[in-house]
Peer 1: 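Submitted below is the structure of interest, expressed as structure tokens.
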Amino acid sequence: MIDTTSNIILPRKFYKRPVLTVAKELLGKVLIKKENDEILAGRIVEVEAYDGNIDQAAHSFKDKTKRNEVMFNEGGYFYVYFTYGVHFCCNIVTGKKDAGSAVLIRAVEPLEGIELMIKRRFERSLKSEKEIFNLTSGPGKVCKAFGFSTEHSGLDLTQNQIYLIDRLKLKNINIGISKRIGITKSAELMWRFFEIGNPYLSR
DNA sequence: CCACGGATTGGCT
DNA sequence: GCCAATCCGTGGA
């Protein structure tokens with residue numbers, strides 16, 4: 001059980017730093033979504049950085065539009081977009097206002113509200129024990145399990161509906177680095193960060 | 001106005 | 001491993 005009150009809600013200044021710094025430090029932090037009587041929580045284990053200044057794969061690489069405008073906020077806002085006509089992906093906006101940078105949440109380790117996540121994601125119960133590793137192991141899967149959609153895009157992560165916490169018991173994380181998955185532009189950038197050996201990673 | 005492709009996933013060959 | 005699903009932003013005619 002995660003204690004969501006005595007832990008520290010990540011403050012604005014955490015998010016306003018450069019995207020690569022924030023991306024790496026997001027590993028191990030806990031993503032929380034509070035609903036009426038339910039709390040959903042997952043420990044972030046895989047992320048990718050996107051930076052509109054130099055990164056052609058970022059939605060913010062071109063000018064501000066209705067779709068990408070949230071990416072131009074200052075750090076600490078939630079950016080959710082719809083893709084392939086099927087899936088949502090959620091991001092953490094970083095940097096100063098108009099930086100156009102964000103971190104994609106690619107995978108989390110489910111901690112709390114797991115039954116509700118299973119219900120939303122599979123619309124049935126688990127077929128096997130190991131299916132738990134397929135629950136939140138990809139960006140679209142995380143959004144399905146948590147119920148994130150574009151209606152949540154633009155939410156302030158320093159408020160108490162959707163937010164991140166730093167657990168008091170810190171543990172060293174073995175960080176792996178690779179190219180980002182599923183993109184063709186700026187594909188050479190090594191901007192994917194993950195916890196080596198964690199069983200909840202994507203793919 | 002139309003055609004195309006995408007920060008994905010799951011099912012079928 | 002390949003490919004359909006299925007919406008929407010973008011770019012060219």
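It should be emphasised that the depicted structure is a prediction, and the values quoted were computed from it without experimental measurement. Because only heavy atoms are used, hydrogens play no part in the values below, and waters and symmetry mates are left out as well, while side chains stay in. Lettering follows sequence order; numbering is per chain, from 1.
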Peer 1: Closest to the N91(A) side chain: dT10(C), dA7(B), dT9(B)?
Peer 2: dA7(B)
Peer 1: Taking atom C1' of dG10(B) as reference, at what distance in whole Å does atom NZ of K144(A) sit?
Peer 2: 11 Å
Peer 1: Taking only side-chain nitrogens and oxygens of H59(A), does any of them come within less than 4.0 Å of OP1 or OP2 of dA7(B)?
Peer 2: yes
Peer 1: What's R203(A) touching, base or sugar-phosphate or nothing? Going by heavy atoms closer than 4.0 Å.
Peer 2: nothing
Peer 1: Would you verify whether the NZ or CZ of R180(A) falls within 45 degrees of the ring axis of Y50(A) while also being under 6.0 Å from that six-membered ring's centre?
Peer 2: yes
Peer 1: Output the rounded distance in Å from NE2 (H87(A)) to C1' (dA4(C)).
Peer 2: 11 Å
Peer 1: Does T83(A) put a side-chain nitrogen or oxygen below 4.0 Å from OP1 or OP2 of dC7(C)?
Peer 2: no
Peer 1: Mind telling me whether F148(A) and F146(A) have parallel, tilted or perpendicular rings, with 30° and 60° as the class edges?
Peer 2: parallel
Peer 1: Base, sugar-phosphate or nothing for F82(A)? Non-hydrogen atoms, less than 4.0 Å.
Peer 2: sugar-phosphate
Peer 1: Determine the interatomic distance between C1' on dG5(B) and the same-named atom on dC3(C); round to the nearest Å.
Peer 2: 15 Å
Peer 1: Quick one: do the E109(A) and N198(A) side chains pair a donor with an acceptor below 3.5 Å?
Peer 2: yes
Peer 1: Nearest whole Å is fine: how far is dT6(C) P from F88(A) CZ?
Peer 2: 14 Å
Peer 1: Provide, to the nearest angstrom, the distance between the CE atom belonging to M71(A) and the P atom belonging to dG9(C).
Peer 2: 16 Å
Peer 1: Using a cut-off of 4.0 Å on non-hydrogen atoms, how would the nucleic acid contact of L104(A) be classed: base, sugar-phosphate, or nothing?
Peer 2: base
Peer 1: Mind checking N68(A) for me? I need base, sugar-phosphate or nothing, with any heavy atom below 4.0 Å counting as a touch.
Peer 2: nothing
Peer 1: Could you check R192(A) against E46(A) for salt bridge (charged side-chain N to carboxylate O under 4.0 Å, His left out), going step by step and ending with a plain yes or no?
Peer 2: CA-CA 7 Å; R192(A) 172 173 172 256; E46(A) 179 180 339; 3.0 Å; yes
Peer 1: Just call it for K141(A): base, sugar-phosphate, or nothing, with non-hydrogen atoms closer than 4.0 Å on any strand.
Peer 2: sugar-phosphate
Peer 1: Using a heavy-atom cut-off of under 4.0 Å over every strand shown, decide if K62(A) touches base, sugar-phosphate, or nothing.
Peer 2: sugar-phosphate
Peer 1: Just say parallel, tilted or perpendicular for the rings of Y79(A) and H59(A), cut-offs at 30° and 60°.
Peer 2: perpendicular
Peer 1: Atom CD of E123(A) and atom C1' of dG10(B): how far apart are they, to the nearest Å?
Peer 2: 13 Å
Peer 1: The side chain of R121(A) is closest to which nucleotide in this list: dA7(B), dG6(B), dG10(B)?
Peer 2: dG10(B)
Peer 1: What is the distance, rounded to the nearest whole Å, between atom CZ of R106(A) and atom C1' of dT9(B)?
Peer 2: 11 Å
Peer 1: Who does dC4(B) pair with, Watson-Crick or G-U, both distances under 3.5 Å?
Peer 2: dG9(C)
Peer 1: Tell me the interatomic distance from Y81(A), atom OH, to dC7(C), atom P, rounded to whole angstroms.
Peer 2: 18 Å
Peer 1: Nearest-Å distance, CD (Q56(A)) to P (dG5(B))?
Peer 2: 17 Å
Peer 1: Do V30(A) and R167(A) have side chains that approach each other closer than 4.5 Å (heavy atoms only, starting at C-beta)?
Peer 2: yes
Peer 1: What nucleic acid atoms does T184(A) come within less than 4.0 Å of, heavy atoms only: base, sugar-phosphate, or nothing?
Peer 2: sugar-phosphate
Peer 1: Tell me what R67(A) touches on the nucleic acid: a base, only sugar-phosphate, or nothing, going by heavy atoms under 4.0 Å.
Peer 2: sugar-phosphate
